[in-house]
Amino acid sequence: MAGASAAYHLSQNGLDVMVIEARNRKGGRIHTDNSFGFPLELGANWVHYHKNNPLLQWIKKLNISTEATPYTNIYFIKDTGKHIHDIDILPSYHQYNRAIAKAQKKFNLEDISVQEALKQTIDTSGSGKQRKLYLETITRLWESDNGADFNEVSINGMDDGSEDDFGGNDWLVTGGYINIINYFLNGIDVQLNSNVTEIVQDKNGVTVTTNKAIFESDFAVITVPITVLQKNTIRFSPALPPEKIQSIQKIKLGLMDKVALEFTEKCWNTDRRLIGTVSSSEKNFDLIVNFAKENKPVLLALSSRNFAKEMENDGPEKIKNYFTDFLFKSFKKPNIEIKNMMVTNWFNDEFSQGSYSFFPVGATINDFDIIAAPHGKVFFAGEATSKRYYSYVHGAYLSGVREAERISKL
């Protein structure tokens, strides 16, 4: 989204633009798949905080279908198969939200993990076994938002600007996120399967070397994930300043993976869009998106952190067995058969090595600005360069707008 946004806005300002893409497809961490007969997002899936969100103008313009998904409307199932009613789990949800807000206020600007801050904030005294189980479930949902365990995430990373600036619900994109990318890149030269290895700049401009060719330009905008910069797979000449390198190494990329499963028939008895699992186990799917509304017997299961890493290395039979066991316990329907399955591997993907950035212990908010700072004629965009909206698609989009405006003013 950052690269497509920068390219579109630069071209709208009258500049000639080329996009160099390492993958064999457009989109990057936006990956819309249509092999199940409808648009299924294997990467970014939501517009977070919809009110006044800049992505909405494009969603409306391109008539892309979306749906509000409030997290107070999840169909929760215990790992034993028992349905947990909203009235039972919502008090824990609200208690946890209050504890996060209290921890943010108490430890404002302190370099302390969310886990440690909550230990000193949330009161579980007098809580029964069930309430503690519910709190563990809510914790896992919050951790999945970061793609990282709370012992890694800074309490300062829980106070992003999106809710303050936009607010509203999170909207599930059901009509194809890739439509925005395709619109932005329409008419722009996109070089696919072109892996950038070197970027050299001098008084004449910038030379970009790929595995296929060498390109010359006046400026370059780098929009690769932060992990690619950390691995030094792109050589910069002159070298990036030490301060920028230090900030690049501080920010981390969380992990969210997905398992898409198509069944021979619908074998679950809820039409709610979101299904959650109540469990104290770390080896559990954080959330399951239900596509019964599309009249498709398809579930999209989201997993994060270490379980996601493990799942990338699990064989298909192990993953299938997990789901058939889970669904049978929950809905008591025999002959549950998985017709088609697709598993993402964002951690083992050489061009991403993760899903979206989070604010780790040891980093400061200024690190995002340092990463975003231009390096001569080389500019930087991407969600990890957005101090206020890191990790979000709208952060990636706005970072592309930012750099396009910066270059256009030169």
Side-chain angles (χ1 to χ4, degrees), residues 1 23 25 27-48 66-67 69 71 74-75 140-148 170-178 181 225 227 253-263 268 272-277 282-294 296-324 326-327 338-358 383 391-393 396:
M1 180 61 80
R23 300 181 188 276
R25 59 173 178 83
R29 285 172 284 170
I30 287 176
H31 187 189
T32 306
D33 179 83
N34 288 288
S35 61
F36 287 77
F38 65 101
L40 197 64
E41 302 298 339
L42 301 180
N45 217 143
W46 271 270
V47 174
H48 293 279
T66 57
E67 180 184 329
T69 53
Y71 298 115
I74 300 175
Y75 186 89
R140 199 171 67 247
L141 285 172
W142 273 81
E143 286 179 322
S144 72
D145 278 351
N146 291 270
D170 290 350
W171 281 15
L172 184 77
V173 178
T174 57
Y177 237 139
I178 195 63
I181 304 294
T227 42
L253 210 62
L255 178 63
M256 170 73 75
D257 267 315
K258 298 181 178 182
V259 179
L261 302 119
E262 181 181 15
F263 297 82
W268 51 97
R272 286 202 203 181
R273 180 62 79 179
L274 302 180
I275 300 172
T277 56
E282 289 295 317
K283 296 186 177 183
N284 225 311
F285 288 93
D286 303 311
L287 205 60
I288 299 172
V289 184
N290 176 12
F291 289 94
K293 291 183 179 180
E294 281 75 17
K296 298 287 185 180
V298 173
L299 296 176
L300 184 67
L302 283 57
S303 65
S304 61
R305 302 164 290 133
N306 287 331
F307 180 51
K309 290 179 187 178
E310 288 183 28
M311 189 187 66
E312 289 193 20
N313 298 318
D314 286 340
E317 289 306 311
K318 186 173 181 180
I319 297 172
K320 285 182 179 180
N321 289 339
Y322 172 88
F323 271 95
T324 52
F326 168 74
L327 290 171
I338 296 173
K339 177 182 175 183
N340 191 17
M341 184 175 75
M342 190 178 297
V343 184
T344 64
N345 64 335
W346 291 109
F347 182 73
N348 287 307
D349 185 320
E350 64 174 314
F351 301 127
S352 61
Q353 301 161 45
S355 301
Y356 41 79
S357 65
F358 68 92
E383 50 86 14
S391 84
Y392 295 116
V393 180

Taking side-chain hydrogen bond (donor to acceptor under 3.5 Å, both in side chains) as the test, write out the residues that go with S144, two or more places apart. none
Is there side-chain contact between L299 and L327, with at least one heavy-atom pair below 4.5 Å? yes
Residues in side-chain hydrogen bond (donor to acceptor under 3.5 Å, both in side chains) contact with N284, at least two apart in sequence or another chain: T277, S279, Y322
Heavy-atom side-chain proximity of F36 to M342 below 4.5 angstrom: yes
Run Y71 and L141 through side-chain contact (heavy atoms from CB on, under 4.5 Å) and show every step you take. CA-CA 10 Å; Y71 298 115; L141 285 172; over 6 Å; no
Please verify the inter-ring angle class for W268 with F263; under 30° counts as parallel, over 60° as perpendicular, anything in between as tilted. perpendicular
Salt-bridge present (R305, D257; N to O < 4.0 Å): no
Main-chain N/O of M341 paired with E262 side-chain donor or acceptor, under 3.5 Å: no
Taking 4.0 angstrom as the limit, do E383 and R29 come out as a salt bridge? yes
Of all the heavy-atom pairs spanning T32 and P39, show the shortest one and how long it is. CG2-CB, 3.9 Å
For the student: nearest non-hydrogen atoms of G27 and I178, plus distance: CA-CD1, 4.1 Å
Do N348 and E312 pair up side chain to side chain, a donor and an acceptor below 3.5 Å, judged on atom types alone? yes
Please verify the inter-ring angle class for F307 with F285; under 30° counts as parallel, over 60° as perpendicular, anything in between as tilted. perpendicular
Show your working on side-chain contact (heavy atoms from CB on, under 4.5 Å) between E310 and K283 and close with a plain yes or no. CA-CA 9 Å; E310 288 183 28; K283 296 186 177 183; 3.2 Å; yes
What class does the angle between the rings of W346 and H31 fall in, given that below 30° is parallel, 30 to 60° is tilted and above 60° is perpendicular? perpendicular
Quick one: does any side-chain atom of N290 pair with a main-chain N or O of R272 as donor and acceptor, under 3.5 Å? yes
Whether the D170 and T69 side chains hold a donor-acceptor pair (N or O, under 3.5 Å, no angle test) is what I'd like checked. no
I need the minimum non-hydrogen distance between A44 and I30, along with the two atoms involved. CB-CG1, 3.9 Å
Mark yes or no for whether N146, through its side chain, and A148, through its backbone, hold a donor-acceptor pair below 3.5 Å. no
Please check: side-chain N/O of K258 versus main-chain N/O of N345, any donor-acceptor pairing under 3.5 Å? no
Between T174 and E67, do the side chains contain an N or O donor and an N or O acceptor separated by less than 3.5 Å? no
Taking all non-hydrogen atoms of both residues, which atom of L253 and which atom of S352 are closest, and how far apart? CD2-O, 3.3 Å
Give a yes or no on whether the backbone of M256 and the side-chain of S355 come within a donor-acceptor separation of less than 3.5 Å. yes
Please walk me through it: do F291 and F38 pass side-chain contact (heavy atoms from CB on, under 4.5 Å)? CA-CA 10 Å; F291 289 94; F38 65 101; 3.4 Å; yes
Side-chain contact, heavy-atom cut-off 4.5 Å: I74 with I275? no
Y356 backbone acceptor or donor facing S391 side chain under 3.5 Å: no
